[in-house]
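The figures that follow rest on heavy atoms only: side chains count, while hydrogens, waters and symmetry mates do not.
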Amino acid sequence: MPKNSKVVKRELDDDVTESVKDLLSNEDSAEDAFKTSELIVDGQEEKDTDVEEGSEVEDERPAWNSKLQYILAQVGFSVGLGNVWRFPYLCQKNGGGAYLLPYLILLMVIGIPLFFLELSVGQRIRRGSIGVWNYISPKLGGIGFASCVVCYFVALYYNVIIGWSLFYFSQSFQQPLPWDQCPLVKNASHTFVEPECERSSATTYYWYREALNISSSISESGGLNWKMTICLLAAWVMVCLAMIKGIQSSGKIVYFSSLFPYVVLICFLIRAFLLNGSVDGIRHMFTPRLEIMLEPKVWREAATQVFFALGLGFGGVIAFSSYNKRDNNCHFDAVLVSFINFFTSVLATLVVFAVLGFKANVINEKCITQNSEMIMKFLKMGNISEDIIPHHINLSAITTEDYHLVYDIIQKVKEEEFSALHLNSCQIEEELNKAVQGTGLAFIAFTEAMTHFPASPFWSVMFFLMLVNLGLGSMFGTIEGIVTPIVDTFKVRKEILTVICCLLAFCIGLIFVQRSGNYFVTMFDDYSATLPLLIVVILENIAVCFVYGIDKFMEDLKDMLGFAPCRYYYYMWKYISPLMLLSLLIASIVNMGLSPPGYNAWIENKASEEFLSYPAWGMAVCISLVVLAILPVPVVFIIRRFNLVDDSSGNLASVTYKRGRVLKEPVNLEGDDTSLIHGKTSTDVPSPNFGKNIYRKQSGSPTLDTAPNGRVTHDLPFPRQCKI
C-alpha cells in the first residue's frame, strides 16, 4: 500500500548534506532550483505537484503491507506448476534420490546468487526491469525490454494451462468423475465402448477428445474449442482483476493463492500414506542410482530446473523487490525463498509418487487377477500341469507374492513355450518406471489415480483448485514483470495498461484454444523462453559484475544491508556463475540442435501419440519466437552506442529515471567525478552511484551542478565523492 507522507520544504542553509540514499528515495526534499534544472523529455516543463508545501506526494512508489505479504508473493511466483509436474519427473528420470545432490549444488552455485542479485538491484533502484538496467548501463537497457517480451510470451500459454485446470475443476463436481469410465456408443443394433477410449484409457481419452478435442496435427486448426475458450477468458479475467491495482490488489490474494497449495499437498500426502502402495512409490522414488549422477545430461537438466524454478530473468523478481524498503534484508529473502522452493519440490515429489504408487498398486492387482484367470484357464485346458502349482496357493484369491512364485515356476517349467502363454510378470516397478511429466502427469496419470480414491470428486476439486492457485501465483509475478517496467518508464496508468495487456493476451491466446492449440503450447514452451532467458540472465550478470563493477556493487550491498555479504557471492558472481550460465547456454543450444524440432501429435485412429516434425511455417514461428525475444538487446545497444536517434527527441537513447519521471539525460555530467563509471560521457553515465556519497552546497555559491541521478547540487571546491 502506498505510504504517502507530507513533503516538508527544507530551508536552504549553509551546509546541506544529502546521501545517494536520499537522492534515490521517494521522500527526498525538493528545491525550486531542481525544477529549473530538469529537462522534460517532451521539451515542456511540468509542475512538481508533489513538492508543493502541504500537498500529497502523488508519484510515491507503493510498498508491501508487510514482510510476510512480500515473501508470499515471491514464493507464489517461484513455486509454480513446474514444482508439481516437472521436478518429480526429473527426480525419477535422473537417479531418484541421488538427483537431489546435483540439484542442491547448482541451487547454491547458480540459483541463490543470481536470485540474490535480482532482488538487490530491484530493491536498491526501486524500478522494474527496464529502469534497473537503464540505471546500470543505458547500452544494456534492452535487457529489460527482452524480459518483458519473454514474460508476455510465457503469459500467453501459461494462462491456457490455468484454463485447462479450470475446466477440470468445473467437471469435478460429479460422482462418478466423467473420466472414470470409457463412454458407450449406441447405434441401431447394439451398444459398444468408444474404440478410441478402449485402445487407450478413460483418462487419456477424456483429455485428448473431451477436453481438448485435439486435431491430428498442428496444420489442422479444426476451429475454436468453445469450452476451452470460455475457460481461457475466465482465467484472464481472474488475472486482470487480481492485478488491476498492482500489489495493492494482488498482495491481498497471495495469502490464499500461495498458502492453499501447501494445505492441499499436505492433505494429499496424509491421504496417500493411508492407501496401499504409497510406500512402494516413495521407496522407488528415492532409491538412489548413483551411476546416473555422472552423466552430463543430469547436471544440465538440474541446472535448467534451478534456473526456471526461481523465475530468473523474467523481471517478476525485480518488480516485486522494487516495492521493498531499501534497508530490507534481501539476502535473507533470497535464501529463504530458494529453500522454500526446494522443499516444496520435494514435498510435491513425495505426494506425486505416493499417489502414483497407489495407482501402480491398483493396476498391479488388476494385472495379477487377469493373469491368474489365464493360468486357471490353461490348467483346465491342460496346457499347464496342476502338479507344478504349490498346493497352498489359491489362484482365485492369490496374493502378489504367491503370483510371482507361480509365475517363476511356470517360466522355468515351460521355458520354450512360455512366450506363447502371454503371461505378464505384474511387477509394480514396471508401472512406476513409466515416467510422465507436465500435462501427462496432471491431466492423465494423476486424474486416473484419483478415480480410485474414496470420495474422488472431493480430491479432484482440491487438486485442480491447487493447480489454479499455483498457476495464478506465477502469473501474478509474470504480469508484474510486464506492467511494472512499462509503468515506471512510460508513466501510463497501471489499471489501463493491465486491462489492455490482458485483453490483447486473450485475443492472441485464441490460437491455443483451437483444436490444434495444445501443439502451439508445446511450441511456445520449447522455444519462447529457454534460450532468451539464459541470454538475459547472462547479460544481467555481466552488467552488474563487469560494467558497473563487482567491487562497487559489493560496497552498495554493504550500505543497503548494513553488513558485508559473504565473500562467497563475489566469486560466484564474478567467476563461477557466468561460466556455469555460458556452459548451460551452449549445452541448451547443442541439445536443441540435436533434438529434431517437433511435437507429439495424438492420432485418433491409433489412439496413441506419434512424433511429428514441424512444417516449414512452424519452424519459422519457432525461430521468430527466439529472435523476437532477444531482438531488444542489440537494437537498444546499437541505438545508444551510435546515437541513431536525436537526443533532443526524448528517445530511448536520452532518457533516464528519477522518482518515476522520465527525464532528459543531464548534459553537464562530462567530467563529473561522481559518475557511475568514471571517464564516461554523459550518455554513458545515466545512473547514480549506489555507494553513499555526499553532495555539499558551499555557502554562498549560486552555481548549480547536476548529480548523477539528475538532481541538482552546488559546485564544490573539493571532490564530492566521499565515504560516510
Inset, instruction - Check the pair Val317 / Leu312 against side chain to side chain contact (heavy atoms under 4.5 Å, CB included), numbers first and verdict last. - result: CA-CA 7 Å; Val317 173; Leu312 299 175; 5.5 Å; no
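- Residues Phe339 and Ile112 meet the side-chain proximity criterion, which asks for heavy atoms closer than 4.5 Å.
- The OH atom of Tyr152 lies 3.5 Å from the CG atom of Leu504; values are rounded to the nearest 0.5 Å.
- Inter-residue side-chain proximity for Tyr527 and Met592 is flagged as met; some heavy-atom pair is nearer than 4.5 Å.
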Inset, instruction - I would like to know whether Phe153 and Val150 meet side chain to side chain contact (heavy atoms under 4.5 Å, CB included); could you show each step before the answer? - result: CA-CA 5 Å; Phe153 283 163; Val150 174; 5.5 Å; no
Inset, instruction - For side chain to side chain contact (heavy atoms under 4.5 Å, CB included), just list the numbers for Ile105 and Trp299, CA-CA rounded to whole Å, side-chain angles, deciding distance to a tenth of an Å, and then say yes or no. - result: CA-CA 10 Å; Ile105 291 173; Trp299 292 81; 3.9 Å; yes
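- A donor-acceptor distance shorter than 3.5 angstrom exists from the side chain of Ser249 to the backbone of Ala242, with no hydrogens or angles considered.
- Contact between Arg326 and Arg124 at its shortest, heavy atoms only, is NE-O, 2.8 Å.
- Side-chain contact check for Val499 versus Arg493: every heavy-atom pair is 4.5 Å or farther apart.
- Between the CD1 atom in Ile538 and the CG atom in Leu582 there is a gap of 4.5 Å [rounded to 0.5 Å].
- A 4.5 Å side-chain heavy-atom check between Asn341 and Val75 finds every atom pair outside the cut-off.
- Remark: the Gln69 side chain and the Tyr323 side chain contain no N/O donor-acceptor pair separated by less than 3.5 Å.
- In this structure the side chain of Phe546 reaches within 4.5 angstrom of the side chain of Lys574, judged on heavy atoms.
- Between the side chain of Asp488 and the backbone N or O of Gly131 there is no donor-acceptor pair closer than 3.5 Å.
- The local environment of NZ in Lys67 is crowded, with over 12 non-hydrogen atoms from other residues, nucleotides or ligands closer than 6.0 Å.
- A donor-acceptor pair is defined here as one N or O able to donate and one able to accept, closer than 3.5 Å; no such pair exists between the side chain of Tyr570 and the backbone of Pro565.
- For the atom pair Ile508 CD1 and Tyr157 OH, the distance stands at 15.0 Å (nearest 0.5 Å).
- Using modelled atom types, no side-chain atom of Asp525 and backbone atom of Val521 make a donor-acceptor pair closer than 3.5 Å.
- Side-chain contact, Gln123 with Asn328: a donor N or O sits under 3.5 Å from an acceptor N or O.
- Among all heavy-atom pairs drawn from Ser147 and Ser129, the shortest one is CB-OG, 4.1 Å.
- To the nearest 0.5 angstrom, Cys622 atom SG is 5.0 Å from Tyr614 atom OH.
- Taken from CD1 in Ile110 to OG in Ser583, the straight-line distance is 8.5 Å, to the nearest 0.5 Å.
- The heavy-atom pair separating Phe115 from Ser338 by the smallest distance is CD2-OG, 3.7 Å.
- Between Thr304 and the options Leu584, Leu534, Asn591, a side chain to side chain contact (heavy atoms under 4.5 Å, CB included) holds for only Leu584.
- Although no hydrogens or angles enter the test, the distance criterion places a donor-acceptor pair under 3.5 Å between the side chain of Ser120 and the main chain of Leu117.
- Between Val633 and Ile535 the shortest side-chain heavy-atom distance does not fall below 4.5 Å.
- By the ring pair (Phe, Tyr, Trp, His ring centres under 6.0 Å) test, Phe524 is found to be paired with Phe512, residues two or more places apart in sequence or in another chain being considered.
- Of all non-hydrogen atoms in Tyr103 and Ala302, the two that sit nearest each other are CD1-O, 4.1 Å.
- Side-chain N or O atoms of Asn541 include none that pairs as donor or acceptor with a backbone N or O of Ser577 at under 3.5 Å.
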Inset, instruction - Please lay out, stage by stage, how Phe506 and Cys240 fare under the test side chain to side chain contact (heavy atoms under 4.5 Å, CB included). - result: CA-CA 11 Å; Phe506 169 72; Cys240 184; over 6 Å; no
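- Looking at residues two or more places apart in sequence or on another chain, you find a ring pair (Phe, Tyr, Trp, His ring centres under 6.0 Å) between Tyr569 and Phe116, His331, Trp573.
- The two residues Tyr548 and Val544 come nearest to each other via the heavy atoms CB-O, 3.6 Å.
- Here the straight-line distance linking atom CD1 of Ile576 with atom CG of Leu581 works out to 11.5 Å at 0.5 Å rounding.
- Trp64 and Phe320 have their aromatic ring centers within a separation under 6.0 angstrom.
- Residues Arg127 and Arg61 meet the side-chain proximity criterion, which asks for heavy atoms closer than 4.5 Å.
- Judged by the 6.0 Å and 45° rule, Arg641 forms no cation-pi pair with Phe637.
- Leu140 approaches Ala543 most closely through the heavy-atom pair CD1-CB, 3.5 Å.
- Within 6.0 Å of NZ in Lys494 there are more than 12 heavy atoms belonging to other residues, nucleotides or ligands.
- Residues Leu114 and Glu118 fail the side-chain proximity criterion, which asks for heavy atoms closer than 4.5 Å.
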